[in-house]
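All values reported here derive from a predicted model rather than from experimental measurement. Hydrogens, waters and symmetry mates play no part in the numbers below; they use all other heavy atoms, side chains included.
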Amino acid sequence: MAGSDQLSAVFSALADPTRRAILAELADRDATVTELTAPLPISMPAVSRHLKALERAGLISRTRSGKLRMSRIEAAPLREAAEWIERYHRFWDTSLTRLDAHLAAVQAAGRATDRTTHGPSISESPGKAHDKEN
């Protein structure tokens with residue numbers, strides 16, 4: 001798969017919590033289906049199906065050594081997905097920073113308008129409020 005098709009496959013594979021749990025295990029070490037099944041509440045055939053989906057997305061590779069079939073995490077597709085997300089993180093971070101600045105300016109302008117329109121507030125001249133009561 002090329003470009004966005006690969007990215008779609010990665011995000012589709014990552015959408016499943018069991019697959020994310022498998023990837024978390026593989027981030028620590030290469031493992032067999034049996035080792036990956038142990039902490040999960042699903043059967044070995046179900047784990048095998050999840051591994052096939054992760055392999056199709058390019059998130060893992062599988063090798064055979066004698067009777068053992070080891071699964072290994074592949075970093076490149078995850079890195080590409082993280083880079084894609086980071087672009088939008090920067091966009092939203094910049095947008096929210098600009099929004100913060102705009103809201104601060106609006107609030108400051110509102111406080112300045114209140115002072116000129118309404119004169120000193122009670123909190124600014126506590127003695128005068130007390131004088132009016134007596």
Side-chain angles (χ1 to χ4, degrees):
M1 273 180 224
S4 65
D5 290 340
Q6 176 65 32
L7 193 57
S8 295
V10 168
F11 283 125
S12 178
L14 292 174
D16 187 280
T18 300
R19 293 183 194 136
R20 291 191 306 269
I22 290 170
L23 286 175
E25 287 290 320
L26 293 174
D28 294 334
R29 62 183 168 73
D30 296 355
T32 63
V33 176
T34 304
E35 293 167 333
L36 292 169
T37 302
L40 298 171
I42 59 175
S43 67
M44 195 177 296
V47 170
S48 290
R49 286 190 296 274
H50 284 292
L51 289 172
K52 286 176 186 171
L54 290 168
E55 190 174 24
R56 279 191 306 271
L59 292 167
I60 67 167
S61 60
R62 298 170 80 188
T63 57
R64 188 179 299 273
S65 176
K67 291 184 179 183
L68 292 178
R69 184 164 177 140
M70 301 297 288
S71 295
R72 160 179 281 149
I73 195 167
E74 294 296 333
L78 287 171
R79 185 175 26 256
E80 291 167 13
E83 288 169 358
W84 187 87
I85 291 169
E86 181 58 28
R87 269 196 320 257
Y88 292 94
H89 177 263
R90 284 190 305 268
F91 166 77
W92 283 110
D93 193 42
T94 301
S95 296
L96 292 174
T97 299
R98 285 193 324 258
L99 179 60
D100 269 349
H102 174 72
L103 291 175
V106 167
Q107 288 174 339
R111 284 191 297 269
T113 302
D114 285 348
R115 276 190 229 116
T116 58
T117 305
H118 303 293
S121 67
I122 293 174
S123 63
E124 291 176 353
S125 55
K128 292 187 181 194
H130 179 68
D131 292 341
K132 290 180 183 178
E133 291 175 9
N134 293 333

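Around CZ of R20, the count of heavy atoms belonging to other residues, nucleotides or ligands within 6.0 Å exceeds 12.
A donor-acceptor contact shorter than 3.5 Å is absent between the side chain of S12 and the backbone of S8. Side chain of E35 to main chain of T32: a donor-acceptor pair is present (N/O by atom type, distance under 3.5 Å, no hydrogens or angles). Between the side chain of Q6 and the backbone N or O of A57, at least one donor-acceptor pair lies under 3.5 Å.
Applying the side chain to side chain contact (heavy atoms under 4.5 Å, CB included) test to E83 and every residue at least two apart in sequence or in another chain returns R79. In this view, T97 and D93 satisfy the side chain to side chain contact (heavy atoms under 4.5 Å, CB included) rule, not counting sequence neighbours. For L103, the side chain to side chain contact (heavy atoms under 4.5 Å, CB included) test picks out L99, with sequence neighbours left out. Residues passing the ring-ring contact (aromatic ring centres under 6.0 Å, His included) test with F91, sequence neighbours excluded: none. For A46, the side chain to side chain contact (heavy atoms under 4.5 Å, CB included) partners at least two apart in sequence or on another chain are I42, S43, R49.
Rounding to the nearest 0.5 Å gives a distance of 8.5 Å between NZ of K52 and CZ of R56. Annotation: the span from L36 atom CG to S71 atom OG amounts to 6.0 Å, rounded to 0.5 Å.
What you find for L7 and A81 is that their closest heavy atoms are CD1-CA, 3.6 Å. For A31 against L26, the heavy-atom pair with the smallest separation is N-CD2, 3.7 Å. Pairing each heavy atom of P77 with each of G58, the nearest pair is CG-O, 3.0 Å. Taking every heavy atom of both residues into account, E74 and S61 meet most closely at OE2-OG, 2.5 Å.
A side-chain contact (heavy atoms from CB on, under 4.5 Å) with L54 is found for exactly one of V10, L23, I73, L14, namely L23.
Side-chain contact between V47 and L51 is present, with heavy atoms from C-beta onward closer than 4.5 Å. Residues I22 and L40 have side chains in contact (heavy-atom distance under 4.5 Å, counting atoms from C-beta outward).
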Where do D16 and H50 land on the side-chain contact (heavy atoms from CB on, under 4.5 Å) test, with the steps shown first? CA-CA 9 Å; D16 187 280; H50 284 292; 3.5 Å; yes
Dump the intermediate steps for side-chain contact (heavy atoms from CB on, under 4.5 Å) on I60 and R72, then the final yes or no. CA-CA 5 Å; I60 67 167; R72 160 179 281 149; over 6 Å; no
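Y88 and W92 have their aromatic ring centers separated by at least 6.0 angstrom.
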Please tabulate, for side-chain N and O atoms in residues 62-70, each donor-acceptor pair with protein atoms closer than 3.5 Å (sequence neighbours left out).
none

